[in-house]
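Below: the structure, in structure tokens.
Computed over heavy atoms, backbone and side chain alike; hydrogens, waters and symmetry mates excluded. Chain identifiers are assigned alphabetically (A, B, ...) following the order of the sequence lines, protein sequences preceding nucleic acid strands; residue numbering begins at 1 within each chain.
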Amino acid sequence: MPELPEVETIKRQLEKNVLGKDILSVDIFDKRVVVNEKEFVKGLLNKKLKSIERVGKVLIFQINKNSFLLIHLRMTGQLVYKKDNNFIAGGHPIDNAFNVPNKFTCVVFKFSDGSCLFFNSTRKFSRTSLVSKIEKEKYVDKFGIDPTKKEFTYKKFKKELENKKVSLKSFLLNQKYISGIGNIYADEVCFFAFVLPDRKVYSLTEKEKELLFVGTKIILKKAVEKGGTTFRDYLTAEGKKGGYVKYLRVYGWAEKECLNMCGGIILKKVVAGRGTHFCKNCQK
DNA sequence: AGTATCTCCTGTATGC
DNA sequence: TGCATACAGGAGATAC
């Protein structure tokens with residue numbers, strides 16, 4: 001599932017490829033992922049994508065002063081950019097991502113140079129919309145601090161944690177507190193800090209808070225450096241793969257031995273409504 | 001008001 | 001083999 005590092009990776013790739021190109025057509029194959037599809041198409045035709053920013057897990061393309069294209073991949077969304085026979089695919093991993101369009105393709109943007117951007121979504125949870133500046137700002141304001149930006153300081157992090165009755169997992173997943181963390185990185189951060197995901201936030205010690213802060217910062221930073229867990233790049237013969245998968249310590253390791261060699265087994269249970277991985281030996 | 005649960009979807013895995 | 005069922009989860013809606 002695309003989280004901050006995966007979306008950041010897509011953003012960087014698209015920045016190099018789609019900015020400044022005229023949008024010749026917008027074809028919608030599944031209306032469910034597009035908000036207000038008529039206005040959506042009308043507002044994009046013959047326009048250019050001027051710039052891209054990422055807020056949490058959302059991509060925001062500026063069209064002009066008062067028009068912004070929002071794309072949220074949610075769980076199974078995927079963006080595939082095709083130019084001639086070169087492909088860039090980011091987001092949800094599926095085999096043959098370069099085989100587009102396919103039955104998961106919801107929207108296709110065609111550019112003046114013949115290249116295309118395919119917006120795919122297997123479970124159709126993804127959403128895209130065209131909004132005004134005010135709407136965009138209102139939307140962006142709801143998001144908490146981005147843990148990869150300079151503004152993410154320990155002081156601010158600690159302040160967010162104050163007086164929360166939720167579990168740590170629920171806190172980490174909530175985009176209004178910290179933006180960009182999803183199920184994978186939430187589990188990894190808890191493991192890093194030796195804290196069980198179902199611990200209530202108010203019960204955290206100073207030391208644990210510090211470790212959670214540091215873990216969030218370095219895990220997301222490293223995941224961005226590695227291109228996330230799902231990125232596939234078919235531009236080069238070697239292909240840069242989503243390199244963070246091999247650094248995952250708990251996510252996807254249920255019933256396996258803990259990588260800390262503590263002798264424990266990674267367990268999985270539902271916390272905050274999500275499948276949650278942890279080591280009972282290492283995390284308290 | 002703040003928190004927990006439900007819901008949207010469909011591919012994949014499992015069970016009988 | 002085939003059908004039914006459970007499960008995966010981001011985030012807005014709804015319930016408590």
Subject >> Spacing of A/Lys176 atom NZ relative to C/dA11 atom P, expressed in whole Å >> reply: 13 Å
Original post:
C/dG10 P sits how many Å from A/Arg74 CZ, rounded?
Top reply: 10 Å
Original post:
Base, sugar-phosphate, or nothing for A/Lys200, non-hydrogen atoms under 4.0 angstrom?
Top reply: sugar-phosphate
Original post:
To the nearest Å, how far apart are A/Glu6 CD and C/dG10 C1'?
Top reply: 13 Å
Original post:
Is any side-chain heavy atom of A/Ile10 closer than 4.5 Å to a side-chain heavy atom of A/Leu59?
Top reply: yes
Original post:
Between residues 269-276 of chain A and DNA chain C, which residues have a heavy-atom gap below 4.0 Å?
Top reply: A/Arg274, A/Gly275
Original post:
Could you state the CD1-P distance from A/Ile181 to C/dG10, rounded to the nearest angstrom?
Top reply: 12 Å
**OP:** Please work out if A/Tyr202 contacts a base, only the sugar-phosphate, or nothing of the nucleic acid, heavy-atom cut-off 4.0 Å.
**Re:** nothing
Original post:
In whole angstrom, what separates A/Ile178's CD1 from C/dA11's P?
Top reply: 14 Å
Original post:
A/Tyr139 side chain: which of C/dA8, C/dG12, C/dG10 is closest?
Top reply: C/dG12
Original post:
When we call it a touch if two heavy atoms are under 4.0 Å apart, what does A/Arg32 touch: a base, just sugar-phosphate, or nothing?
Top reply: sugar-phosphate
Subject >> Nucleotide C/dC7, atom P - distance to CE of A/Met75 in whole Å >> reply: 15 Å
Original post:
So what does A/Gln175 hit on the nucleic acid, given a heavy-atom distance under 4.0 Å: a base, only sugar-phosphate, or nothing?
Top reply: sugar-phosphate
Subject >> Pairwise 5' ranking along DNA chain B for A/Arg127 and A/Asn163, keeping only the more 5' one >> reply: A/Asn163
**OP:** Specify whether A/Phe171 and A/Tyr177 have parallel, tilted or perpendicular ring planes, treating 30° as the upper limit for parallel and 60° as the lower limit for perpendicular.
**Re:** parallel
Original post:
C/dA11 P sits how many Å from A/Lys142 NZ, rounded?
Top reply: 11 Å
**OP:** Quantify the bending of the helix from B/dG2-C/dC16 to B/dC16-C/dG2 as the angle between its end axes, each fitted on five pairs, to 10°.
**Re:** 60°
Subject >> Length of the CZ-P vector between A/Arg123 and C/dA11, whole Å >> reply: 15 Å
Subject >> Outermost nucleotides of DNA chain B that come under 4.0 Å of a non-hydrogen atom of chain A >> reply: B/dT3 to B/dG11
